[in-house]
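Report on the structure given below.
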Amino acid sequence: MQRAENINKCDVLVVGGGPAGSAISTKLAQMGRDVVMLEKEQHPRFHIGESLLPMNLPIFEELGVLEQVEEIGILKYGAEFNDENYKNQATYYFENALDGNFPFAFEVKREELDTILFQNAAKNGANTFEKTRVTSVHFNDDHSSLVECVDEVGDTVKWHSRFLIDASGRSTFLARKFNIKKRSKEHNSAAIFGHFDNVVRREGLDEGNISLAWFEHGWFWMIPFKDGGMSVGAVCWPHYLNSRKTDVEQFMWDTIALCPPVANRMKNAKLTTPVTATGNFTYAASHMAGNGYLMIGDAFAFLDPVFSSGVLLAMAGGLKGAKVVNTILDYPEKAEQLLAEHDKEIRMALKTFSWFIYRITQPAMRYLFMVRAERRVKREKGVTSLLAGDLFRDLPIGRHLLIFKFYYYVLFVLGLRKNLRAMRKRKFDLRGEPTEAKEANFNLSFFLGNGV
Ligand SMILES: Cc1cc2nc3c(=O)[nH]c(=O)nc-3n(C[C@H](O)[C@H](O)[C@H](O)COP(=O)(O)OP(=O)(O)OC[C@H]3O[C@@H](n4cnc5c(N)ncnc54)[C@H](O)[C@@H]3O)c2cc1C
């Protein structure tokens with residue numbers, strides 16, 4: 001980092017110090033680049049997104065933080081799905097994935113995980129600044145950028161950066177600047193959540209598993225923590241959330257009461273944090289990179305969190321992005337090709353998750369997910385690999401998922417009336433003001449949006 005005419009200089013400036021920003025900053029610093037990461041909050045800060053996937057582990061190892069994450073996390077061997085009638089339950093164990101060598105992941109408190117990752121970037125040589133909000137960027141003809149930020153004492157600081165990374169999460173700093181953020185009309189939902197004590201936990205090795213439960217207005221997650229607490233949240237259709245007539249906390253308890261598989265485990269539960277809400281709408285920017293910049297993690301795209309894919313996609317995108325940017329800094333003429341290849345790889349992973357997420361409300365899909373373990377043998381490996389987040393390696397997962405998709409379409413046709421009815425209901429549930437607009441206009445703590 002050099003100072004000249006009050007403009008600081010660096011090779012790469014990273015906006016945002018969440019998992020994506022910390023991953024790319026650490027990696028680029030390890031490669032010898034002069035990296036600056038600017039974070040508007042101060043760690044530890046609350047963040048939602050506490051259930052990780054097995055394929056996060058090799059990433060933690062590569063960054064040198066696996067042991068630290070082990071210390072804060074509870075082992076998660078699988079993902080449990082429950083239907084709303086409390087009749088069926090299906091657990092997918094990661095050891096049954098195509099590659100059984102990654103049989104567990106972790107559930108973590110994000111304030112702890114994100115602090116580890118952020119501090120690790122500094123340990124590896126990145127220049128990290130907290131309480132520093134990036135406010136504007138101007139791109140120069142040579143594709144470098146001039147970034148302005150406001151530091152912790154309120155002073156404006158300028159940075160000249162050869163390459164800019166947007167890892168600003170759902171603030172979508174660049175996508176908003178370019179006005180290229182596209183919200184998914186088919187998946188407009190929002191979430192309410194809190195942390196609780198005294199929630200009944202699963203026994204033995206299942207204690208750390210995530211539980212997911214569908215109900216009339218969406219789905220619930222239950223994510224156990226190492227300290228005995230539990231994160232419980234509901235992802236709901238906007239129409240349902242807009243119907244709220246009580247305060248947020250009461251609304252949370254009323255919503256829990258609508259889902260027996262969750263309510264039965266929470267009879268003696270005590271809320272330990274305020275109930276928070278966030279617009280959960282799915283979106284993507286129309287492009288992820290251009291001359292002198294790359295968007296990674298939620299700054300580029302956000303998917304419904306039903307498969308706990310966000311942190312993995314953010315960090316994998318960070319590590320892959322680091323290699324791309326490192327090469328571009330030495331060989332700028334390769335930028336277009338490298339960024340296009342990167343774009344393709346990230347979109348493919350998003351698309352693979354999306355196919356399942358968009359159909360999760362269909363009876364045909366629910367049936368396939370809830371089938372008893374002994375009857376899903378042929379389809380289990382591919383889906384379990386998907387649930388493990390194993391989308392970036394050279395495994396024949398696509399072929400296995402095709403078998404699942406084939407069964408899905410057969411069941412869809414066999415139960416055509418039921419499935420079409422579910423499609424119509426989904427359309428009906430999506431009615432109402434888009435959650436994003438609601439967030440902007442709703443001056444209540446109910447739709448907080450940022451910082452979660
Ligand atoms: C309801 C819900 C449940 C979820 N559950 C899961 C889950 O179980 N598992 C999972 O893996 N994922 C989950 N996710 C998704 C997960 O939270 C995100 O995908 C993940 O945090 C993305 O990481 P990121 O680094 O891209 O963004 P973030 O973690 O959001 O980090 C972005 C950072 O940028 C900072 N920032 C923003 N603007 C600026 C600025 N202008 N200047 C400086 N700094 C800035 C922010 O303060 C923040 O620290 C969930 C999301 C939601 C909404």
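Atoms within each ligand, like the ligands themselves, are counted from 1 in listed order.
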- Message: Does only the side chain of Ser51 get under 4.0 Å from ligand 1, or the backbone, or both, or neither? Count heavy atoms.
- Response: both

- Note on the structure: Per-atom filter on ligand 1: closer than 4.0 angstrom to a heavy atom of Ala314 are 22 (C), 23 (O), 26 (O)

- Query: Any idea which part of Ala167 is under 4.0 Å from ligand 1, heavy-atom wise: side chain, backbone, both or neither?
  - Reply: backbone

- Any luck finding a side-chain donor-acceptor pair between Ser144 and His160 under 3.5 Å? yes

- Does an N or O anywhere in Val311 fall below 3.5 Å from an N or O of ligand 1? yes

- Note on the structure: Only residue of Leu271, Val262, Val275 satisfying side chain to side chain contact (heavy atoms under 4.5 Å, CB included) with Val232 is Val262

- Rounded distance [0.5 Å steps], CG in Asn96 versus CG in Leu387: 11.5 Å

- Task: Taking atom types as modelled, find out whether Tyr93 and Asp206 have a side-chain donor-acceptor pair closer than 3.5 angstrom.
- Result: yes

- Note on the structure: Honestly, for Glu50 the part within reach of ligand 1 (heavy atoms, under 4.0 Å) is backbone

- Task: Just let me know how Leu38 lines up against ligand 1, side chain, backbone, both or neither, with a heavy-atom cut-off below 4.0 Å.
- Result: backbone

- Message: Would Arg133 count as being in polar contact with ligand 1, using the rule that some N or O on each side must be under 3.5 angstrom apart?
- Response: no

- ligand 1 versus Leu53, non-hydrogen atoms closer than 4.0 Å: side chain, backbone, both, neither? neither

- Message: On a heavy-atom basis, which atom in Ser189 and which in Cys236 lie closest, and how many Å separate them?
- Response: CB-O, 3.2 Å

- Message: Heavy atom to atom 27 (O) of ligand 1, shortest distance: which of Ser22, Gly169, Gly49 holds it?
- Response: Gly169

- Query: For atom 36 (N) of ligand 1, which candidate among Met315, Lys40, Met37, Glu107 holds the nearest heavy atom?
  - Reply: Lys40

- Note on the structure: Closest to atom 20 (C) of ligand 1 (heavy atoms only, candidates Asp298, Leu313, Val134) is Asp298

- Is it the side chain (CB and beyond), the backbone, both or neither of Ser171 that lies under 4.0 Å from ligand 1, heavy atoms counted? side chain

- Which segment of Ala191 sits under 4.0 Å of ligand 1 when only heavy atoms are counted: side chain

- Message: When you compare the side chains of Tyr240 and Thr255, does any donor N or O come within less than 3.5 Å of an acceptor on the partner?
- Response: yes

- Message: I'd like to know if the side chain of His47 pairs up with that of Glu41 as donor and acceptor (distance under 3.5 Å, no hydrogens or angles considered).
- Response: no

- State, yes or no, whether a side-chain contact exists between Leu212 and Trp219 at a heavy-atom distance under 4.5 Å. yes

- Task: Using the six-membered ring wherever Trp is involved, compare the ring planes of Phe369 and Phe404 and label them parallel, tilted or perpendicular (cut-offs 30° and 60°).
- Result: perpendicular

- Return yes or no for this condition: an N or O of Arg170 is under 3.5 Å from an N or O of ligand 1. no

- For the pair His43 and Phe118, name the ring-plane relationship: parallel under 30°, tilted 30 to 60°, perpendicular over 60°. tilted

- Message: Heavy atom to atom 4 (C) of ligand 1, shortest distance: which of Ala234, Pro305, Gly389, Ser136 holds it?
- Response: Pro305

- Message: Between ligand 1 and Ala299, is the shortest N or O to N or O distance under 3.5 Å?
- Response: no

